[in-house]
Asker: 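I am attaching a structure below and will ask some questions about it afterwards.
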Amino acid sequence: MGLIVRSSAIHAAGCYTTAPVRKGERIAEYSGRRISKEEADVLYTDYPVTYLFGLGDGTIVIDGFCTAMFINHSCEGNCETSEDDNGRVWITALRDIPADAEITYDYCLYEGGDDPCTCYCGALTCRGTMYSATEVKRRKTLARSEARKAAKKKRTDRKAVKTKSTRATKL
């Protein structure tokens, strides 16, 4: 089996297989130098595109430099990633994939600040973002909590203003 990189309808360049792939078959290894998340943050502060892959708890990342870095995200990916006992990351087929198909997996992002990490996969179940379902839920909960705090502060501020003006008229 071979892989090629070419234009993708999902995003810029994508990775395609040149031969059929069977379910469970390893397609590629995500490789590159391993650096700390802090080092990656410094290196890529002003870069709009990165090829970082978080390992384990995310404190170490692979700074991708391989064919696998061109594998695009899809909410309904045809592959998944796994980290073996030696810390190597493999992209493995979730189902049979025909020759000439784009290889994709769900990135399940869990960090990105205010970046919406918009998804363009076009899947029927597309989340609209490359963040994991868990991260989407966490962000919605956080947004609701912040909205409640803001509304409470606004009510408190209005009461303070009303109280102040009431006192001023009584004087």
Asker: Using every non-hydrogen atom in the two residues, find where Ala40 and Leu52 come nearest and quote the distance to one decimal.
Answerer: CB-CD1, 3.8 Å

Asker: Any ion pair linking Arg127 and Asp106 (charged N to carboxylate O, less than 4.0 Å)?
Answerer: yes

Asker: Just wondering, more than 12 heavy atoms not from Leu124 lying within 6.0 Å of its CG?
Answerer: no

Asker: Is the Phe53 ring parallel, tilted or perpendicular to the Tyr30 ring (thresholds 30°, 60°)?
Answerer: tilted

Asker: Taking the side chain as C-beta and beyond, is there a heavy-atom pair between Thr129 and Val136 under 4.5 Å?
Answerer: yes

Asker: Counting only N and O atoms by type, is there a donor-acceptor contact under 3.5 Å from the side chain of Glu146 to the main-chain atoms of Ala143?
Answerer: no

Asker: Does Arg22 pair with Glu25 as a salt bridge, N-O distance under 4.0 Å?
Answerer: no

Asker: Angle between ring planes, Tyr44 versus Tyr47, binned at 30° and 60°: parallel, tilted or perpendicular?
Answerer: perpendicular

Asker: Within the structure provided, determine whether Thr50 and Leu43 are in side-chain contact (heavy-atom separation under 4.5 Å).
Answerer: no

Asker: Using atom types as modelled and distance alone, determine if a side-chain donor or acceptor of Asn72 lies under 3.5 Å from a backbone N or O of Ala13.
Answerer: yes

Asker: To check you understand the geometry: which heavy-atom pair defines the closest contact between Gly14 and Ser8, and what is its length?
Answerer: N-CB, 3.6 Å

Asker: Can you find a heavy atom in the side chain of Tyr16 that is under 4.5 Å from one in the side chain of Leu3?
Answerer: no

Asker: Looking at side-chain heavy atoms only, is the closest gap between Pro20 and Pro98 below 4.5 Å?
Answerer: no

Asker: Are Tyr105 and Val5 linked, directly or through other ILVMFWY residues, by side chains that come within less than 4.5 angstrom of each other?
Answerer: yes

Asker: Without swapping roles, check the side chain of Ser145 against the backbone of Thr141 for a donor-acceptor pair under 3.5 Å.
Answerer: no

Asker: Between Asp96 and Val21, does a side-chain contact (heavy atoms from CB on, under 4.5 Å) hold up when you go through it step by step?
Answerer: CA-CA 6 Å; Asp96 290 345; Val21 178; over 6 Å; no

Asker: Nearest heavy-atom pair of Ile71 and Tyr107: which atoms, and what distance?
Answerer: O-OH, 2.6 Å

Asker: Transitively linked via ILVMFWY side-chain contacts under 4.5 Å: Tyr51 with Ile60?
Answerer: yes

Asker: Restricting to non-hydrogen atoms, name the atom on Val42 and the atom on Thr45 that form the minimum distance, rounded to 0.1 Å.
Answerer: O-OG1, 3.3 Å

Asker: Would you say that Thr17 contacts Ile103 through its side chain, given a criterion of any heavy-atom pair below 4.5 Å between the two side chains?
Answerer: yes

Asker: Run the salt-bridge test on Arg33 and Asp63 with the 4.0 Å N-O cut-off and return the result as yes or no.
Answerer: yes

Asker: Return yes if some donor-acceptor pair links the side-chain N/O of Thr104 with the main-chain N/O of Asn78 below 3.5 Å, else return no.
Answerer: yes

Asker: Under a 4.5 Å cut-off applied to non-hydrogen side-chain atoms, are Cys119 and His73 in contact?
Answerer: yes

Asker: Can a donor-acceptor pair be found, under 3.5 Å and without considering hydrogens, that links the side chain of Glu80 to the backbone of Leu94?
Answerer: no

Asker: How far apart are the C-alpha atoms of Leu55 and Val89, what are their side-chain angles, what is the distance that settles it, and do they pass the side-chain contact (heavy atoms from CB on, under 4.5 Å) test?
Answerer: CA-CA 8 Å; Leu55 298 172; Val89 174; 3.4 Å; yes

Asker: Please give me the minimum heavy-atom distance between Ile91 and Ala68, naming the atom from each residue.
Answerer: CD1-CB, 3.9 Å

Asker: May I ask you to establish whether Arg139 and Tyr131 are in a cation-pi arrangement, using a distance under 6.0 Å from NZ or CZ to the six-membered ring centre and at most 45° from the ring axis?
Answerer: yes

Asker: May I ask you to decide if Ser82's main-chain N or O and Arg88's side chain share a donor-acceptor pair within less than 3.5 Å?
Answerer: no

Asker: Would you indicate whether the side-chain heavy atoms of Ile97 and Ile27 approach each other to under 4.5 Å?
Answerer: yes

Asker: Is there side-chain contact between Thr67 and Cys15, with heavy atoms separated by less than 4.5 Å?
Answerer: yes

Asker: Please confirm whether the backbone N or O of Thr125 pairs with a side-chain atom of Glu76, one donor and one acceptor, at under 3.5 Å?
Answerer: yes

Asker: In terms of hydrophobic clusters joined by side-chain contacts under 4.5 Å, are Met69 and Trp90 together?
Answerer: no

Asker: Determine the minimum heavy-atom distance between Gly32 and Ile62, stating which atoms define it.
Answerer: N-CG2, 3.5 Å

Asker: Treating Ser132 as the side-chain partner and Glu135 as the backbone partner, does any N or O pair qualify as donor plus acceptor under 3.5 Å?
Answerer: yes

Asker: Closer than 3.5 angstrom, by distance alone: can the side chain of Thr18 be matched with the main-chain N or O of Gly2 as a donor-acceptor pair?
Answerer: yes

